[in-house]
Each structure stands twice: as C-alpha cells, then as structure tokens.
Amino acid sequence: MQQPDSLKSPARRAVLKAALAAGVTLGTPLDALAASPTGFDQWRDNFRARALAKGISEATWNRCMGRVEPDMSVFRQMRNQPEFHEQIWQYINRRVSDWRVIHGREALKKNEALFARIERDFGVERGTLLALWGVESAYGDPLVQQNHMTPVFPSLAALAWNEPRRKAYWETELINAMKIVQRGWSTPEEMNGSWAGAMGHSQWMPEVWLNVGFDYDGDGKVSPFGRPDDALGSTAKYLVNRGKWRRGEHWGYEVRAPGGGAGGSRTYAAWAGAGVVRADGQPFPQPNASAQLWIPVAGGPAFLLGPNFNSVKSYNPSMNYALAICHLGDRCLGGPPFIQPFPGSERALTLAEVQEMQTRLTKAGFDTGGTDGRVGNDTMKAIKDFQIKTGLLPADGYGGLKVLARLRQGS
C-alpha cells in the first residue's frame, strides 16, 4: 500500500503483500486493450461458475467481467519492480519531503472537521493519520490516481488467470472486488488502483476493504474513493483494534541518550532519571507513560518510542516506515526536522529543488513521470539511470544534493 511512490499485521501481511510491491504504477497500456490472449476466455468461463458459487450475481458478473480483457502489463511490472537500496536517512528524506509536508498541511486544513471527529471517536492523533494518508496515496491526489493507477478488474483478472504461484489468492481478490461493486460501494469504472489491486486513499486490497472498512460518513457504503472519511475512519479504527492505539499518548520523541542508555521499557521519568532527555530540551509531557530506547544508527538520532509507535508498525512492520510516518506527522503539525543528523546524511531537497531536478532529468532524456516535486519510483528510476550513465556512485536512485549538482553541471 503504498504509495504511488511511494504495509502489515499477521492477517494484513498476507492480504497486502501484493500492495507493498505496487509502489509505482503506470497508465493503462495499449496491450490491455488488445483481444483476449489464448486461454483467457476459457478461464473466464470456468471462473464464472466459481464466482457465482461465492455469491456473485449474474448482474454483477456482467458489469465487472462480461467484457473485461486482461491487463497483461501486470506481469511486466511484477518482473520489473525497481530495486533501490536506501539508507535510513534517504528513506526518511524521500517520504518526509517538502511536497508531503506542504500538501499535508493543506489536506489537514481542508479536512479539519474530519480529523477532529476521528480524534474524538478513536483517539488517534491527526498527525499520524495524516501521514499514513500522505504516504499511501499522496493525500488522495487526483493526479496520482490519473497518472499512476490502472483499472482494477483487468489487472486482477490477468493475475487470477495467469499468475501461477498465487492463483487462488488472486481469484479471491477478484471476487472480493466484485463484492464491493455488488454492495454498491463503488463501480467498475471508478475502481482504479495499483497493478496488484490496492485501491483508494489507504491503498487497501479488496479483502481489507470488505473486512476492515466501515461506513464512517454514513452514506450507506464503504468507499475507498471520493471523500476520505471512510478510509481515514477505517484506518483509525484499525490502529485502535489491531494496533492497540493509546488515546492521548504521543508516538515518542527524539532524545539525547548519553552512553546509549539501558534497554527495555521504562517510564519517561525513569529515562530522564538515567540522563535521557528530549533533543529539543522540552520536558516529557507524560512522565509516567512507558517507552523504549531505539538508536537506528550509531552516531545518529536516538528515540524513545511509546506503544503508539508499535501501533503504526501494525500497519507496516518496518521500523523505518513507522519512523517516517511518525516524523511526517510531526512535521505536518509544525515540528522540526530531526535535531541530530544521521551520519553521512544530506539535508532533504526543497520542493523547488526537487522540481528542478525532475525538470533537468526529463530534459536530459530521463523520464520522471512528472515534475511536481513528488518523488516516486518513476523519479527514482530516472535518477538511477542518470547515475549509471554518468558514473555517479552509488547508483542508488536517491535524488539529493549530489545528483542535483551533477545535473546543473551538465546543463
């Protein structure tokens, strides 16, 4: 679930494994509109009986699958997932970007009443929820949907028909997608998503929408699209039920930990007694709450992590992902960058610098998929190709000050 660039509890891990890989998607390919490849029509006829046996009506089948052609580009995308090796500071810089901070503040202002309601109903603080929305779908940016999402039914049909390793999984998700239409939650035309079928503001797979989503705006349906109420309300409920979110507690704080400090969970007061203090010099607002010390990289920033950090990890078990979400949430609410830099790190590019980098890459023949200042996998691939061509090492796809300086030299 990710973001077009840019998730998983034990149940969620299996359901969303494919969505994780769908960090970037392409527009509808021409080969998706071609005649059905050999064997597809026979499979569809056989699959129809299985779908009807699972409760899909004839009318729903005809709407969703009657004329569907498999999107064969999914297999190319499955084979050609770009590989990038990011250090933690690069990972953080790319996700906690100027673009996401600026647009996150705009999204919060636009949806202030919704976030206030969610905080009252679930206790999930707005910064964390806002950051999850920003990383997963760029705050529901319609340009992201237009430029990086494809019709779900042709994608899932191709995978269910001809992906040999997990045919049962893909068939189940295709049926789940039809159930969403049958319940009146969406239409086949509206259901665009990643090549793997992850959809909407939270980039959830169909099964997750069916089992986790709920009607938060009271319109009688659970919609992945349109207004973000259902998606954000459902995400907050997930964090409470699966992640055991604690109302009123912050996720944690950057700290200074002389000597590294001891391990294990202690109260903030006990950590302070051991010499661990907030990096910004402020007191811990809840001294009796518990936290654990984490130092991701020796010599870099240290953190005291409360239980709500683990709640974010229930959404995606990566420590780096959870830290990026929590930090992005703080930044959107006016917080500063980390005070202690990571060893060997660069500052993140500004929005204007990212746009300049994308423009220069595009003019040099490296397609970034847009010049909006949002760094997704298209931009990262363009950067990596540029690094390889120019001998700029490491060719890691990270667009920072060194890449921008080299681009400027060549202009």
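Between E171 and K54 there is no salt bridge, since none of the side-chain N atoms of the basic residue sits less than 4.0 Å from a carboxylate O of the acidic one. Between E207 and K179, none of the side-chain N atoms (NZ, or NE/NH1/NH2) sits under 4.0 Å from a carboxylate O, so this pair counts as no salt bridge. Remark: D385 does not engage K389 in a salt bridge, criterion side-chain N to carboxylate O under 4.0 Å.
Within a 6.0 Å sphere centred on NZ of K167, heavy atoms belonging to other residues, nucleotides or ligands number more than 12.
Side-chain atoms of K237 and N241, non-hydrogen and from C-beta on, do get closer than 4.5 Å to each other. When side chains are defined from C-beta on, N111 does not count as touching L232, because their heavy atoms never get closer than 4.5 Å. Between Q387 and K384 the shortest side-chain heavy-atom distance falls below 4.5 Å. Using a 4.5 Å heavy-atom cutoff, the side chains of P307 and E249 are in contact. Between W245 and S314, the closest side-chain pair of non-hydrogen atoms is not below 4.5 Å. Counting heavy atoms from C-beta outward, F284 and L304 have side chains that approach closer than 4.5 Å. Using a 4.5 Å cut-off on side-chain heavy atoms (C-beta onward), P151 and D71 make no contact. For the pair D280/E254, no side-chain contact is recorded, criterion being any heavy-atom separation below 4.5 Å from C-beta on.
When every heavy atom of E119 is checked against every heavy atom of V124, the shortest pair comes out as CG-O, 3.2 Å. Here the closest heavy-atom approach between residue G252 and residue H250 is recorded as O-CD2, 3.0 Å. Nearest heavy atoms, R117 versus D217: NH1-CA, 4.5 Å. Of all heavy-atom pairs spanning P296 and P301, the tightest one is CD-O, 3.3 Å. Between L156 and G197, the closest heavy-atom pair is CD2-CA, 4.2 Å. Considering all non-hydrogen atoms of both residues, R246 and S290 come closest at NH1-OG, 4.5 Å.
Under the 6.0 Å cut-off for aromatic ring centres, F225 and W209 do not qualify, their centroids lying 6.0 Å or more apart. Under the 6.0 Å cut-off for aromatic ring centres, F309 and F303 do not qualify, their centroids lying 6.0 Å or more apart.
Of the residues F75, F47, F40, the one that meets the ring-ring contact (aromatic ring centres under 6.0 Å, His included) test with W161 is F40. When the options P188, S57, C64 are evaluated for a side-chain contact (heavy atoms from CB on, under 4.5 Å) with M178, the one that passes is C64. A side-chain contact (heavy atoms from CB on, under 4.5 Å) with T371 is found for exactly one of V354, T379, L361, T359, namely T359.
Within the model, atoms CG of L293 and CG of L305 stand 8.0 Å from one another, a figure rounded to the nearest 0.5 Å. Taken to the nearest 0.5 Å, the CG atom of D230 stands 7.5 Å off from the CZ atom of F214. H201 contributes atom NE2, which lies 14.0 Å from atom CG of L132 (distance to the nearest 0.5 angstrom). Taken to the nearest 0.5 Å, the CZ atom of R227 stands 7.0 Å off from the CG atom of D219. Between S234 atom OG and I118 atom CD1 the span is 9.0 Å, to the nearest 0.5 Å. The CG atom of L393 lies 9.5 Å from the CD1 atom of I388; values are rounded to the nearest 0.5 Å.
Within the 3.5 Å criterion, the main-chain N or O of R166 finds a donor-acceptor partner in the side chain of E163. Without hydrogens or angle criteria, R331 side chain to V101 main chain gives no donor-acceptor distance under 3.5 Å. Side-chain atoms of S186 do not come within 3.5 Å of backbone N or O of E190 as any donor-acceptor pair. Without hydrogens or angle criteria, Q340 side chain to G299 main chain gives a donor-acceptor distance under 3.5 Å. In this structure, D98 contributes its side chain and A352 its backbone to no donor-acceptor pair below 3.5 Å. At least one donor-acceptor pair under 3.5 Å links the side chain of R247 to the backbone N or O of R120. At least one donor-acceptor pair closer than 3.5 Å links the side chain of R95 to the backbone N or O of Y91. In this structure, the side chain of Y398 does not engage the main chain of R94 through any donor-acceptor pair within 3.5 Å.
Judged purely by distance below 3.5 Å, without hydrogens or angles, the side chains of N176 and E173 pair a donor atom with an acceptor atom. W251 and D330 form a side-chain donor-acceptor contact under 3.5 Å, judged by distance and modelled atom types alone. Side-chain contact annotation: T60 with Q182, donor-acceptor N/O pair under 3.5 Å present.
Ring orientation note: the planes of W99 and H103 are close to parallel, at an angle under 30° on the 30°/60° scale. Note on ring orientation: taking the six-membered ring where Trp is involved, the planes of F115 and W133 are tilted (angle from 30° to 60°). Ring planes of W170 and W195: tilted class, angle from 30 to 60°. F122 and Y216 have tilted rings, their planes meeting at an angle from 30° to 60° on a 0 to 90° scale.
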Determine whether N320 and E86 satisfy the following criterion, side-chain contact (heavy atoms from CB on, under 4.5 Å), listing intermediate values before the conclusion. CA-CA 10 Å; N320 292 355; E86 297 175 299; over 6 Å; no
What verdict does the side-chain contact (heavy atoms from CB on, under 4.5 Å) test give for N308 and E125, after you've listed the backbone C-alpha separation in whole Å, the side-chain angles of each residue and the deciding distance to 0.1 Å? CA-CA 10 Å; N308 285 342; E125 62 183 14; over 6 Å; no
R183 vs V222, test: side-chain contact (heavy atoms from CB on, under 4.5 Å). Steps then yes/no. CA-CA 9 Å; R183 293 183 183 185; V222 182; over 6 Å; no
V212 and R242: CA distance, side-chain angles, deciding distance, side-chain contact (heavy atoms from CB on, under 4.5 Å) verdict: CA-CA 10 Å; V212 178; R242 183 58 61 89; over 6 Å; no
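Under a cutoff of 6.0 Å and an axis angle of 45°, R360 and F386 do not form a cation-pi pair.
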